[in-house]
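The shown structure was predicted, so the numbers you read here are calculated from the model rather than taken from an experiment. Every chain is numbered from 1, with letters handed out A, B, ... down the list of sequences.
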Number of protein chains: 2
Amino acid sequence: MSTRDRIVAAAAQLYGRYGYTGVGLKQVAAESGAPIGSLYHFFPGGKEELAAAALRMSGAGYQMLVEGILENMPDLVSGIEQSFALAAETVASTGYVDACWIETVALEVASTSEPLRMVTAEIFEQWIDSCTAWVESHGVAPEKARELGIAYVTGLEGAFILARSLQSREPLLATGRMLAAAAREALAAPPSTPVKAKGARR
Amino acid sequence: MSTRDRIVAAAAQLYGRYGYTGVGLKQVAAESGAPIGSLYHFFPGGKEELAAAALRMSGAGYQMLVEGILENMPDLVSGIEQSFALAAETVASTGYVDACWIETVALEVASTSEPLRMVTAEIFEQWIDSCTAWVESHGVAPEKARELGIAYVTGLEGAFILARSLQSREPLLATGRMLAAAAREALAAPPSTPVKAKGARR
DNA sequence: GTCTATAAACCGATAGAC
DNA sequence: GTCTATCGGTTTATAGAC
């Protein structure tokens, strides 16, 4: 693992616990074992450039994680409910500290750093596209699939907030069940313009 | 408006734009027109005590706002969709900077300040209770009503994140429509233990 | 590429005059 | 209750030796 990678990894970990504003560059340097000079060597743009790299790395990582989970789900409805239940277990197992730190930084930078805001927007858009494609592959019409794909992301992110604050699995379990209900309705109303569905509607 | 109130109001406004960690006490003092000494006079506990007061004030304010909107909605399903659409317009009208700042601070303090984490938990619990009561008043069985009440809050908070990051109404509109679909299903399956519903099931 | 030293500004918090 | 000055520590960022 290169020095650069260790710096980015340390930054991602610290941002997850303390937020973007709450973490100093010296702290990142200390955690990664690199001196501050190396940090500015790899990221001449300073804190913003480092955060952009960490966001992009973790954003892609979260997406691969979710895609891997959803791919192995038997059907749309139980896939939604099960993946939220799995998220609940995972978050609980870390003592409600590790969920998704992208949202924390996204809120912090939304009105303070236009470059970083755009990085988070790019990440969320990719997540939406990925989820929408999965929903569509199970036979939901494109527009409805996008709505459900968006609601999957917003519901998951919102449930993470309450789960961490309340230190409870309930927000994730309840949100998963309600989104599964929405998915059931989306399946019941078949595509107005029929498409060949790859996944089974059963 | 008392000096104390002006300090709390200024803190709430600044936390909304820059987050908890991103706002200094000197900044709050300057914005409110009060000297730092007064700030420590009213809040001997310093930054944490001030944030707790601001959180409680804004938390109650948001709850009253949502309750006032939901009360006047004709039915459960369109009430959910319409209130999300209204939120989309409101957030868009502020240039996507003012949505709900409780979530920003909740994420920042979740693993850094146990006292503040508990304040945010209390606020979220009250929101859930309020939404659950509204859902139940429209004829949904208690357990399902709580699930939908939770999903309303998580969906709204999550959609606020994406709306601000993407600078788009779409996350709020899509989430509102999906939660309305979930509500439709909750109404279709009547309470196992029938209760006298105050709201119309139609 | 690695590392140290340092500048200039800001932080939360306190002391103490008024 | 109001206000100022200040302490000790931290921040981002840079300069420059190795």
Rounded to the Å, how far apart are [X] [atom1] and [N] [atom2]?
| X | N | atom1 | atom2 | value |
| --- | --- | --- | --- | --- |
| B:K47 | C:dG12 | NZ | P | 4 Å |
| A:L39 | C:dC3 | CG | C1' | 13 Å |
| A:E48 | D:dA13 | CD | P | 8 Å |
| A:L25 | D:dT14 | CG | C1' | 13 Å |
| B:Y40 | C:dT14 | OH | C1' | 8 Å |
| A:R6 | C:dG1 | CZ | C1' | 12 Å |
| A:I7 | C:dT2 | CD1 | P | 8 Å |
| A:H41 | C:dT4 | NE2 | P | 16 Å |

Q: Please tell me which of A:K26 and A:P35 maps to the more 5' nucleotide of DNA chain C, matching each residue to the nucleotide holding its nearest heavy atom.
A: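 Per heavy-atom nearest nucleotide, the more 5' residue is A:P35.
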Q: Would you indicate which nucleotide in C:dT4, D:dT12, D:dT11 comes nearest to any side-chain atom of A:Q27?
A: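 My answer, after comparing the listed nucleotides, is D:dT11.
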Q: Kindly point out which of C:dT2, D:dT2, C:dA5 is positioned nearest to the side chain of A:F42?
A: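 Of C:dT2, D:dT2, C:dA5, C:dT2 is nearest to the side chain of A:F42.
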Q: Please determine if A:R6 and A:E31 form a salt bridge, counting it only when a charged side-chain N lies under 4.0 Å from a carboxylate O.
A: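 No salt bridge links A:R6 with A:E31.
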Q: For B:V28, report the nucleic acid contact type (base, sugar-phosphate, nothing); a contact means any heavy atom under 4.0 Å.
A: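 The residue B:V28 makes no contact with any strand.
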Q: Answer with base, sugar-phosphate or nothing: what part of the nucleic acid does B:G46 contact at a heavy-atom distance below 4.0 Å?
A: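 Since only primed, P, OP1 and OP2 atoms lie under 4.0 Å of B:G46, the category is sugar-phosphate.
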Q. Using a distance-only test with no angle check, is there a side-chain donor-acceptor pair under 3.5 angstrom linking A:R117 and A:T112?
A.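 Distance-only check fails for A:R117 and A:T112.
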**Q.** From CG (B:L148) to CD (B:E185), nearest 0.5 Å
**A.**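 CD of B:E185 is found 11.0 Å from CG of B:L148.
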Q) Taking the six-membered ring for Trp, are A:Y62 and A:W127 parallel (under 30°), tilted (30 to 60°) or perpendicular (over 60°)? A)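 Perpendicular: the ring planes of A:Y62 and A:W127 meet at over 60°.
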Q) Does B:T3 have a side-chain nitrogen or oxygen under 4.0 Å from the phosphate oxygens OP1 or OP2 of D:dT2? A)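 Answer yes for this pair, as a side-chain N or O of B:T3 is under 4.0 Å from OP1 or OP2.
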Q. Would you say A:S38 reaches C:dT2's phosphate, i.e. side-chain N/O to OP1/OP2 under 4.0 Å?
A.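 It does, given that an N or O in the side chain of A:S38 lies less than 4.0 Å from OP1 or OP2 of C:dT2.
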(Q) So if I apply the side chain to side chain donor-acceptor pair (under 3.5 Å) rule between B:S113 and each of B:K47, B:E48, B:E108, which one comes out positive? (A)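 Going through B:K47, B:E48, B:E108 one by one, the side chain to side chain donor-acceptor pair (under 3.5 Å) with B:S113 is satisfied by B:E48 alone.
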